[in-house]
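Counting convention: from 1, in listed order, for ligands and their atoms alike. Excluded from the calculations below are hydrogen atoms, water molecules and symmetry mates; all remaining heavy atoms, backbone and side chain alike, are included.
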Amino acid sequence: MVPEEEKQDMEKSRVLVIGGTGHIGKHIVAASVRFGHPTAVLIREFTPSDPIKAQLLNSWVNSGASLLKGDLFDHESLVKAIKCADVVISAVGPRQVAEQMRIIAAIKEAGNVKRFVPSEFSSDVDRLHTVDPAASLYAVKANLRRLIEAEGIPHTYVSCNSFAETYLPSIGDVTTIGAGPPASKITFLGDGDAKVVFVVEDDIAAYTMRAVDDARTLNKILYMRPPTNMVSHNELISIWEKKAGRTLQKVRLPEEEILKCIKEAAFPLNILLSLALSTFVRGDQTNFDPAAGVEATQLYPDVV
Ligand SMILES: NC(=O)c1ccc[n+]([C@@H]2O[C@H](COP(=O)([O-])OP(=O)(O)OC[C@H]3O[C@@H](n4cnc5c(N)ncnc54)[C@H](OP(=O)(O)O)[C@@H]3O)[C@@H](O)[C@H]2O)c1
């Protein structure tokens, strides 16, 4: 929750969310509306065939958000939507991250944006040690940072670490993401001791929205490291075993095996393993001092 006095004192920026119907985007839209920002969402399809998506759009309209028709590949629609916003938050998916160059071009043309939050929502893209395909995805995000900086666009980079709703149902086993909790055995990578940060999507959205009008986060990386959410895979498995009252068989995948699997596996296991090599084996979410940017739980201790 935003403290009452902050709610009254702060002038709320007008927010445009691009990619609002996506996994993290829908949490961002909800938080933007909840925190009192005039909120618009760029939508590709006003009457989607997917009933869940249609219901989502209806709920936004009912809660006061505006829907603007547009597409990353329609420059005019981007400029028109951006002209009505102070803050642009992109939550487009991994397949569209490179196309965010188009948002940057539209922001330059519109000339009114006070803050741009590009679609990162990951580990810090400038501090990663992994291989392809994840290395290339992170390189695209890092190159986008350089473009934003070269163009002089005011920004905040959200380094939220791992989505809890993506990783926790399989207790951090990336080989079984989407399959729910393991029945009897669990795979862990490396020695299982690197600290990983899991942040609930609603909290990621709340921290992001608190940051967009905050001068302390301007042109900074916003790290999300809730101290109680920083656990190693071994610790996570042990917490789950205690709660579930049963023990899992542990299968260890050493680094050389992981590298071999990444080369041989098909999508999406190859990208999941190459992302996990960085987070679960090399500790890239916690192996540096967040003083390189600002840390969300320190700025907004009331959020979680
Ligand atoms: N930290 C983690 O654990 C984690 C996990 C997953 C993803 N991520 C990162 O989070 C960010 C968002 O990913 P996500 O998985 O939440 O995204 P997603 O669910 O794939 O959603 C993609 C969004 O982009 C929109 N979109 C696609 N093409 C578009 C276009 N041409 N023009 C305008 N909008 C378009 C989609 O709209 P439609 O509804 O029209 O298709 C949708 O709203 C990415 O940077 C990703 O790398 C992080």
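The existence of a salt bridge linking D50 and K53 is excluded, since no basic side-chain nitrogen approaches an acidic carboxylate oxygen closer than 4.0 Å. Salt bridge annotation for D126-R146: present, with a cationic side-chain nitrogen under 4.0 angstrom from a carboxylate oxygen. Taking a cutoff of 4.0 Å between a charged side-chain nitrogen and a carboxylate oxygen, R282 and E255 qualify as a salt bridge.
With respect to atom 25 (C) of ligand 1, the closest heavy atom belonging to the protein is G19 CA, 3.9 Å.
T156 has its side chain out of reach of V212: every pair of non-hydrogen atoms, C-beta onward, lies at least 4.5 Å apart.
Residue contact check: S119 has heavy atoms under 4.0 Å from atoms 11 (C), 12 (C), 44 (C), 45 (O) of ligand 1. The ligand atoms of ligand 1 that sit less than 4.0 angstrom from a heavy atom of Y167 are 3 (O). Proximity to K53 (heavy-atom distance under 4.0 Å) selects the following atoms of ligand 1: 38 (P), 39 (O), 41 (O). Less than 4.0 angstrom separates some heavy atom of D71 from each of these atoms of ligand 1: 30 (C), 31 (N), 32 (N). Each of the following atoms of ligand 1 lies closer than 4.0 Å to a heavy atom of P94: 13 (O), 46 (C), 47 (O).
For atom 7 (C) of ligand 1, the choice among F73, F121, F163, Y138 with the nearest heavy atom turns out to be F163. For atom 33 (C) of ligand 1, the nearest non-hydrogen atom from the set L72, T21, L57 belongs to L72. For the residues M224, R44, E99, the heavy atom positioned nearest atom 40 (O) of ligand 1 is part of R44. With distances taken over non-hydrogen atoms, the option nearest atom 46 (C) of ligand 1 out of H23, E201, K141 is K141. Of the listed options L275, L78, V140, N161, N161 places a heavy atom closest to atom 1 (N) of ligand 1.
Ring planes of Y167 and F198: tilted class, angle from 30 to 60°.
More than 12 heavy atoms of other residues, nucleotides or ligands sit less than 6.0 Å from atom CZ of R246.
Here the options are N219, D86, T217, the test is side-chain hydrogen bond (donor to acceptor under 3.5 Å, both in side chains), and the partner is R115; only T217 passes. Among Q285, M230, K195, the one residue that satisfies the side chain to side chain contact (heavy atoms under 4.5 Å, CB included) test with R225 is M230.
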